[in-house]
Amino acid sequence: MSKVKILNGTTLPNIPWQPRPEGHTLPIWRYTENPIIKRNPLPGIARIFNSSVVPYGDEFIGVFRAEATDGVPFLYLGHSKDGINWQYEPNVIPMVNEKGENAIPFYQYDPRLIKIEDAYYIVWCQDFYGASLGVAKTTDFKHFERLENPFIPFNRNGVFFPRKINGMYKLLSRPSDSGHTPFGDIFISESPDMVYWGRHRHVMSPNGSNWWEGMKIGGGANPIETSEGWLLIYHGVCNTCNGYVYTIGGAILDIDEPSKVLYRSRRYLLTPEEWYEERGFVPNVTFPCSTLQDDATGRIALYYGCADSYVGLAFTDVDTLVDYIKENDGAGWNDHDLGRR
Ligand code: BMA
């Protein structure tokens, strides 16, 4: 039984799990058989990475960022009994608009998948006359309806909260520009209906004092509701003489006003160190997109993209992670405030 409680969660005794290795000092530890998805995972697809998983019935369903052999990314669906070995559907997820017409965009990447009330939502980055967020809804993983794009360009790293807060859907995002943006803060917006988004608030900026997240940050996995606040696993980027390095960080947000950061670890949770994180299509990338958690034990399984080439799996538990973030707290006034100017 964990000290910190996972709230509104699900009891999932069958999530992937390995105990913390003896002597491991960081709060997240890797699956020993990583990467779980290797190169050329299905015909015509060169790489699957930054991807997202939910429990569904007696299995797990994943929405995968799949880079085709023409280099263009789209979203594919996969099924798994154990959350580790995946069977993929052969075609791009068939999204339609409200008239039932094809609404698959020109490209799609970095999906986050979430259950909110009785429906599942996917939010991803796509072309909307420039990179911005797309959203689709499904209840059966067979029919996918595109909703209105929440924001104008440029924007990336959309992450929904798993329930309405004060009657509103909440969406994290990272406004940006058209390229490999050398800046970026996390903001939060709300909507009564998944169509009109507003009441925007600032959540966090990159922190120049913590060099691993000195250049830009972006939301990662769906926030986990706990008795200590919303547990947010996010990514932070630093610039080096040899390019960007993507590292995994953690923060705890206020349960009713999640634009207020209660705690933010100044030390990272996981950074590229293994061959599949350091070497690949884009080297030195660990990019968190999704977690599964078991509220009975507090166990958390984290899915993260590795070097824009593979999917990795890592583990933590809610007590270890919350304690680490609090012990290493470096949140400042700019984090604690409401984020409204
Ligand atoms: C970001 C996104 C991610 C990618 C990362 C590293 O801008 O495009 O999909 O993993 O860069 O290349």
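Predicted model only: the values in this text are computed from it and were never measured. Sequential numbering from 1 along the given sequence is applied to the chain's residues. Read the numbers this way: they start at 1 and go in the same order the structure lists the ligands and their atoms.
Neither side chain, Asp319 nor Ser2, offers a donor N or O lying under 3.5 Å from an acceptor on the other.
For ligand 1, the polar-atom distance check finds an N/O of Arg65 within less than 3.5 Å of one of the ligand's N/O atoms. For ligand 1, the polar-atom distance check against Asn50 finds a nitrogen or oxygen pair separated by under 3.5 Å. No N or O atom of Arg156 sits closer than 3.5 Å to an N or O atom of ligand 1. Between Asp110 and ligand 1, at least one pair of N/O atoms sits closer than 3.5 Å.
If you look at Phe287 and Phe49, their ring centroids are not closer than 6.0 Å.
Following chains of ILVMFWY side-chain contacts shorter than 4.5 Å, one cannot reach Trp212 starting from Val237, and the two form parts of different hydrophobic clusters.
Using a cutoff of 4.0 Å between basic side-chain nitrogens and carboxylate oxygens, Glu273 and Arg30 are scored as salt-bridged. Ion pairing between Lys326 and Glu228 holds under the 4.0 Å rule for side-chain N and carboxylate O. Looking at Asp317 and Arg20, no side-chain N of the basic residue comes within less than 4.0 Å of a carboxylate O on the acidic one, giving no salt bridge.
In the vicinity of Asp308, heavy-atom distances shorter than 4.0 Å reach the ligand 1 atoms 4 (C), 6 (C), 10 (O), 12 (O).
From the protein, the heavy atom lying nearest to atom 8 (O) of ligand 1 is Tyr109 CE1, 3.9 Å. Nearest protein heavy-atom contact of atom 11 (O) of ligand 1 is Tyr246 OH, 3.1 Å.
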